[in-house]
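Below is one structure, written out as structure tokens; the observations come after it.
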Amino acid sequence: MPAIVVLGAQWGDEGKGKITDLLAREADAVVRYQGGHNAGHTVQVGESQYKLHLVPSGVFHKGTICLLGNGMVIDLPALVREIDGLEASGVDTSRLYISNAAHLILPYHQVLDAKDEDSRGADHIGTTRRGIGPAYSDKVNRLGIRMGDLKNEKRFRELLEANRRNKEGSLASVALDWDAMARDYLGCYQRLADRVIDVGHRVSSLIRAGAKVLLEGAQGTFLDLDHGTYPFVTSSNPTAGGACVGTGIGPTLIDGVLGVVKAYTTRVGAGPFPTELTDRLGDLLVDRGHEFGTTTGRRRRCGWLDTFMLRYAARINGLSSLAITKLDVLDSLDPIQVCSGYEVDGELLDSYPEDLATLRRVVPRYESFAGWKSSTSQVREYGQLPPLARTYLDGISRLTGVSVSLVSVGPDRSATMVTADPWRVR
Ligand code: IMP
């Protein structure tokens with residue numbers, strides 16, 4: 001039985017939460033493989049809307065196991081608050097497990113994140129200030145503290161002390177109560193201790209036993225530390241390769257990669273965005289698409305769909321199919337532009353530029369599509385979509401070289417059309 005990766009093919013906020021929730025209906029397990037509570041997934045279940053930051057979107061399905069992989073960085077008090085909030089709304093979280101090897105975000109990481117951002121001045125990254133970068137820095141620097149370290153109080157306190165000494169200089173002007181921090185984290189750990197497990201072992205056993213497993217990425221391809229628009233990226237690997245490293249399974253256990261794509265493009269935070277619309281059309285997309293960050297409430301920058309970046313996402317991730325979300329946001333627009341390539345000094349580039357200097361100079365080349373100028377939000381059958389909307393979707397497939405398996409026209413679970421089973425598309 002298959003294991004598939006669901007990931008963002010743009011700069012995050014593509015609607016992965018909704019798509020994961022939908023696929024999780026059939027999944028035995030959903031595993032988050034990177035990032036932390038910088039992510040924000042909005043899931044609509046009937047009349048209720050939930051905002052998830054750490055817990056995988058499979059939590060709303062009875063029987064689906066949810067796991068937080070070793071590739072994640074976890075703010076433990078934030079995780080406990082999220083679990084408590086879900087439980088208070090009647091959502092059962094008892095099938096949630098956390099990797100022994102996931103790294104912890106501690107309060108000093110958040111202080112350092114804010115200090116780093118402030119010291120960059122005009123060149124700031126626009127991080128969520130949740131401590132993500134500094135926690136991953138400590139991991140790479142072999143100073144990180146992992147979930148499993150909380151099992152042994154003495155060991156945990158020693159590691160905390162090592163970090164206090166290491167950061168004495170950078171935290172000199174900040175008053176932090178290290179003992180209260182230790183007690184807080186040890187207390188949170190006591191609540192979750194029986195859920196802290198070897199996630200890689202569990203996931204590979206599940207797959208080998210025939211379970212259907214969804215590997216859920218947060219953020220998106222162009223925020224990937226290695227393959228995104230560096231340095232305007234997050235500090236983890238949301239791309240498909242991250243799914244193996246961040247869960248502890250090998251690539252031969254993965255059967256397919258579903259790329260979630262918004263029908264236009266958005267970005268939060270700083271960094272290049274070739275198809276950005278800074279005029280009233282951009283404002284229209286913000287209004288129609290409710291483009292404000294789930295985690296920070298920041299207004300998202302909006303622009304036309306960029307299939308040149310999607311071709312790169314298809315290559316980096318080995319995408320098997322696309323899930324197109326928020327098609328309905330384009331209902332009133334005519335014409336609709338789609339970027340099909342980048343020019344630099346009048347020459348078309350043959351692949352996505354890896355360096356920022358080139359990316360800042362590119363001029364997008366557009367293909368124009370006629371708008372369908374009618375509402376799609378109530379459409380539930382692909383064949384019932386306006387012909388021009390189908391032409392737009394066909395255009396995305398043609399320009400990216402990847403087929404479309406899902407189309408979403410609204411936040412509700414039912415507002416999704418499946419044209420090919422993503423569990424089976426290779
Ligand atoms: P960090 O992940 O907080 O370090 O932020 C680094 C960059 O990633 C910033 O541009 C953030 O706005 C962006 N980012 C982080 N998480 C998300 C997300 O879930 N959706 C969209 N952008 C994100």
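Just so you know, ligand 1 is whichever comes first in the structure, and atom 1 is the first atom listed for that ligand. Bear in mind that the values here come from a model prediction, so they are computed numbers and not experimental data.
A salt bridge between Asp28 and Arg95 is absent, with no side-chain N of the basic residue lying under 4.0 Å from a carboxylate O of the acidic one.
Listed by chain and number, the residues in a side chain to side chain donor-acceptor pair (under 3.5 Å) with Asp198 amount to none (sequence neighbours excluded). Judged as a side chain to side chain donor-acceptor pair (under 3.5 Å), and not counting sequence neighbours, Gln10 has no contacts.
Considering each of Gln219, Arg300, Glu117, Lys16, the one bringing a non-hydrogen atom nearest atom 15 (C) of ligand 1 is Gln219. Within the set Thr128, Val233, Asp116, the minimum heavy-atom distance to atom 6 (C) of ligand 1 is found for Val233. Nearest-residue assignment for atom 19 (O) of ligand 1 (options Gly8, Gly131, Ala39, Ser235; heavy-atom criterion): Ala39. For atom 5 (O) of ligand 1, the candidate residues are Ile132, Thr127, Leu225; the nearest heavy-atom contact is made by Thr127.
The single protein non-hydrogen atom nearest to atom 8 (O) of ligand 1 is Leu223 CD2, 3.6 Å, given as residue, atom name and distance. Considering only non-hydrogen protein atoms, atom 2 (O) of ligand 1 sits nearest to Thr234 OG1, 2.6 Å.
Annotation for ligand 1: atoms under 4.0 Å from non-hydrogen atoms of Asp13 are 20 (N), 21 (C). For ligand 1, the atoms sitting less than 4.0 Å from at least one non-hydrogen atom of Ile125 are 10 (O), numbered in the order shown with element in parentheses. Taking every heavy atom of Val268 and a limit of under 4.0 angstrom, the matching atoms of ligand 1 come to 10 (O), 12 (O), 21 (C), 22 (N).
No side-chain donor from either of His103 and Asp138 sits under 3.5 Å from a side-chain acceptor of the other. Between the side chains of Glu87 and Thr93, at least one donor N or O lies within less than 3.5 Å of an accepting N or O. For Ser57 and Thr20, the side-chain atoms include no donor-acceptor pair closer than 3.5 Å. A side-chain donor-acceptor contact under 3.5 Å links Ser408 and Lys18.
The aromatic rings of Tyr392 and Phe369 sit perpendicular, their planes meeting at an angle over 60°, well past the 30° parallel limit.
Contacts of Trp11 with ligand 1, taken as heavy-atom pairs under 4.0 Å, involve the backbone alone.
The shortest N or O to N or O distance between Arg298 and ligand 1 is under 3.5 Å. For ligand 1, the polar-atom distance check finds an N/O of Asn38 within less than 3.5 Å of one of the ligand's N/O atoms. Ligand 1 has an N or O atom lying under 3.5 Å from an N or O atom of Gly126, backbone or side chain. No N or O atom of Arg129 sits closer than 3.5 Å to an N or O atom of ligand 1.
Look at Thr296 and you'll find every heavy atom at least 4.0 Å from all atoms of ligand 1.
For the residue pair Gly228 and Val233, the shortest heavy atom distance occurs at C-CG1, 3.7 Å.
Annotation: cation-pi pair Arg267/Phe222 absent, no NZ/CZ under 6.0 Å from the ring centroid and within 45° of its normal.
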